[in-house]
Structure formats: C-alpha cells, structure tokens
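Notes follow once the structure below has been shown.
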Amino acid sequence: MFTRTDLSFLLKAYMSLSAMESIRHASPAVLPSLLMCDFGDLKSEVARLEAAGTKVLHLDVMDGHFVPNLTYGMPIVEGLRKHTSLPLDVHLMISDPLKYAKSFVDAGADLITFHVEAVADSAKVATSIAELGVGVGVAINPSTPMEKLDVCLAHVDLVLVMSVEAGFGGQAFNPIALDRLKELRLRYPELILEIDGGINLETIALAREAGCDLFVVGSAIFRHSDYKAAISNLMNVMEVRN
Ligand code: DX5
Ligand code: ZN
C-alpha cells in the first residue's frame, strides 16, 4: 500500500521527469539565466520571459564559498515555482550540493546541476540526485581538466560546459568550451549539452555548430529592454548558420 509520502514523491518524480523530457526536446533553446533580472519584480520578469517564448529557466545558485559571489537559494525557487510551469534548471555553484539537493527538489527544481570541482565522488552525487526523481547534470569550469568528468558521465543526463569561470555574469567567452562540446558530442551522442557564460550573437552559433543543445544567456538578454527581440535574435543567428 502506497503511503501519502510515496504518492507525493511519485507525483513529483513524474512531473520532473516529464519536465526533463521537455528540456531534452527543447533543443536548441535559449535559457535565460536569472542572475541579472529584476529580482524586485520577479513575477513580471518571468511572465515577460514566458511571453518571449522561453522554454526553460536557468537559476544561478551561488553560496559565496564555492564561488566568490552570493545569490539565492530555495525560497526563490519556491517563489518561482508558484508562478510558472516552465522547467527549472538549477545550477548549483555551492560547496556541498548533496546537502541541499533534496531541499531544491522540494522547492520545485526539475533539473539539478552540480559542479564536478565541488565534490569528491561525482558518480555517487549524481546517482543520489537522480534518486530524488529529477534530472541531473554535471558542470565543469574551463580551468578543470575534462578527465575529471569521466567517472560520472554514465550517471548524468546533461553536461554543463562552462565558457567562463563560474561566479559572475557579463564575463568574456572562453573558446576552450567549443573543443569540449565537440569532444563530448562525439563520445556521448545521447547526452544533453548545455553551455553557460558569455553567450551572445557572436558566440551562440559557434556553440551550436560544436553540438550544443541548451544555451544559457544572462547579459545578452537582460541588458535589453525587449526580451522577446533579444531571444529571437539569438535563435535566428543560430538557425541561419545551421
Ligand atoms: C555564471 C552563471 C551564468 C551567468 C551567465 O557563473 O552561471 O549563468 O549568469 O551570464 P552571461 O550570459 O552574462 O555570461
Ligand atoms: Zn549558470
């Protein structure tokens, strides 16, 4: 006999896994990074992004320890969950991702991505997060050797290739990310590939040609007053070159 807790876990897992399917089928998609948006008016910001055709929201969680910057945690995820049915892609730039993973899932995350540099046993962290019934991703900074990913790639849905050192928006794009995308696309055709950092009208097409599926964008959207135009220009540049 299923208990109430079992049933709510199964329902949450079903919803997150269908959200993961929509993330997988969203490719190619521009994911607005909620770091430079107007947090004083988050509900309207999300409505504007939905109206602009956004398919997935990217949430940048920073703990001021793993990265030298501090952003937000579960309350913002919970608040967003109330106002959107879009899949929530939570990018954890924190020192102890497993300690907080369940709290982010309970808050409404559909996909949890942790940094390979933040954990000793990335395969164990990946399987533990997957057991929470959500999608799981692993992120790698440009300065980290790619071999560090080898042990956990069989246990993740997605690799987040950072094209900047995690911690701040508005940084310059590091082209090392393009070689990494090409290598991963060749070795793991089934993996979802995501890129994050310095994505704009110049770099998005290069990343797409290198095999990327999901494109996280901060300043190249939020520095514009017309989000719809900013997002469709980015999509158009990508499709023209395809
Ligand atoms: C940086 C974050 C990114 C950042 C992207 O650590 O993970 O998501 O907000 O911003 P831009 O597009 O401005 O580089
Ligand atoms: Zn991010």
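Both counts, for ligands and for their atoms, begin at 1 and track the order of listing. Reckoned from all heavy atoms, side chains included, excluding hydrogens, waters and symmetry mates.
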Problem - Main-chain N/O of Gly170 paired with Arg223 side-chain donor or acceptor, under 3.5 Å - result: no

Problem - Interfacing atoms of ligand 1 (cut-off 4.0 Å, heavy-atom, Ser33) - result: 4 (C), 8 (O), 9 (O)

Problem - Check: His91 main-chain N/O paired with Thr113 side-chain donor or acceptor under 3.5 Å - result: no

Problem - Asn141 side chain to Ala166 backbone, donor-acceptor under 3.5 Å - result: yes

Handout entry: Polar atom proximity, Gly218 to ligand 1 (N or O, under 3.5 Å)
Key = yes

Practice task
Look only at the side chain of Glu165 and the backbone of Ser143, and say whether a donor-acceptor pair between them is shorter than 3.5 Å.
Solution key: yes

Problem - Where ligand 1 meets Met93 - atom numbers and elements under 4.0 angstrom, heavy-atom basis - result: 6 (O), 7 (O)

Practice task
Check ligand 1 against Leu35 and write out every atom of the ligand that is under 4.0 Å from a heavy-atom position of the residue.
Solution key: 9 (O)

Completion exercise
Counting from 1 in the order shown, the ligand 1 atoms closer than 4.0 Å to a non-hydrogen atom of His91 are 7 (O)

Exercise for the section: Give a yes or no on whether the backbone of Tyr188 and the side-chain of Arg185 come within a donor-acceptor separation of less than 3.5 Å. Expected result: yes

Exercise for the section: Sort out for me which residue in Leu201, Asp196, Thr203 forms a side chain to side chain contact (heavy atoms under 4.5 Å, CB included) with Ile199. Expected result: Thr203

Practice task
Answer yes or no for Glu165: is there a heavy-atom contact with ligand 1 below 4.0 Å?
Solution key: no

Practice task
State, without any angle test, whether Ser103 and Asp106 hold a side-chain donor-acceptor pair at a distance under 3.5 Å.
Solution key: no

Exercise for the section: Starting from atom 13 (O) of ligand 1, locate the nearest protein heavy atom and write down its residue, its atom name and how far away it is, to 0.1 Å. Expected result: Ser219 OG, 2.5 Å

Exercise for the section: For Gly170 and ligand 1, answer yes if some heavy atom of the residue is under 4.0 Å from a ligand atom, otherwise no. Expected result: yes

Practice task
Could you list the atoms of ligand 1 found under 4.0 angstrom from a heavy atom of Gly197?
Solution key: 14 (O)

Handout entry: Residue, atom name and distance, where the atom is the protein heavy atom closest to atom 2 (C) of ligand 1
Key = Asp60 OD1, 3.5 Å

Handout entry: Protein contact to atom 5 (C) of ligand 1 [nearest heavy atom, distance to 0.1 Å]
Key = Asp196 OD1, 3.6 Å

Fill in the blank from the handout: Numbered in order shown, the ligand 1 atoms found under 4.0 Å of a heavy atom of Met62 are 6 (O)

Problem - Any donor-acceptor N/O pair, Thr84 side chain to Arg81 backbone, under 3.5 Å - result: no

Problem - Sub-3.5 Å N/O-N/O distance, Gly167 and ligand 1 - result: yes

Handout entry: Donor-acceptor under 3.5 Å (Thr71 side chain, Asp60 main chain)
Key = yes

Problem - Which of the ligand 1 atoms, numbered from 1, are nearer than 4.0 Å to a heavy atom of His58 - result: 8 (O)

Practice task
Identify the protein heavy atom lying closest to atom 1 (C) of ligand 1, giving its residue, its atom name and the separation to 0.1 Å.
Solution key: Phe168 O, 3.5 Å

Handout entry: Minimum-distance protein heavy atom relative to atom 14 (O) of ligand 1
Key = Gly198 N, 2.8 Å

Handout entry: Sub-4.5 Å side-chain heavy-atom contact between Ile231 and Ile221
Key = yes

Fill in the blank from the handout: Vertex the Zn ion (ligand 2), ends Asp60/OD1 and His58/NE2: angle to nearest 10° comes to 90°

Exercise for the section: Determine yes or no for a side-chain-to-main-chain donor-acceptor pair under 3.5 angstrom, with Arg48 supplying the side chain and Asp226 the backbone. Expected result: no

Practice task
Determine yes or no for a side-chain-to-main-chain donor-acceptor pair under 3.5 angstrom, with Asp110 supplying the side chain and Leu88 the backbone.
Solution key: yes

Exercise for the section: Specify which N/O/S atom of Asp196 comes nearest to the Zn ion (ligand 2), by atom name. Expected result: OD2

Completion exercise
Looking at His91, the N/O/S atom that lies nearest to the Zn ion (ligand 2) is called ND1

Exercise for the section: Provide the number and element of each atom of ligand 1 under 4.0 Å from a heavy atom of Val216. Expected result: 8 (O)

